[in-house]
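Structure, as C-alpha cells:
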Amino acid sequence: MMLAACLGGMAFANSSVCLVHGMSRPIGAMFHLAHGLSNALLLPALTRWSLPGAVARYARSHGGRCTANGAPDETAVASLPDYWKS
C-alpha cells in the first residue's frame with residue numbers, strides 16, 4: 001500500500017492535476033460532494049483558465065486528436081472544456 005500511495009503521488013505530481021484536486025477537496029468538505037463529482041465540476045473551468053499557457057501540452061495529452069499536421073491545433077484544444085462539460 002505504501003508503494004501504491006507513493007507511485008500515485010508521483011503520478012499526480014507529474015500530470016498537472018494538482019490544481020483540480022487541490023480545489024476539489026475543500027469543495028467536497030464544505031458541500032459534502034463526492035470527490036469525483038467535485039473534480040468533474042471544476043475540470044472544465046480550470047482547463048479553460050489554464051489553456052492559454054499550455055496549448056501544446058493539452059494537445060499532446062489527447063493523443064493527437066488536438067493536432068493538425070503535427071502542430072497543436074488551438075481551435076481543437078480550446079473546445080476541450082466544452083467537450084468535458086457535456
Query raised in the report: Can you name the nearest heavy-atom pair linking L43 to V20, along with the distance?
Result: CD1-CG2, 4.0 Å
**Report entry** Approximate separation, where rounding is to 0.5 Å, of H21 NE2 and L46 CG
**Finding:** 11.0 Å
Requested in this report: With sequence neighbours left out, write down each residue that passes side-chain contact (heavy atoms from CB on, under 4.5 Å) with I27, or none if nothing qualifies.
Outcome: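 Per chain and number, I27 pairs via side-chain contact (heavy atoms from CB on, under 4.5 Å) with F31, L33, S38, L42.
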Requested in this report: List, by chain and number, the other hydrophobic cluster members for L7, where Ile, Leu, Val, Met, Phe, Trp and Tyr join if side-chain heavy atoms come within less than 4.5 Å, directly or indirectly.
Outcome: L3, M10
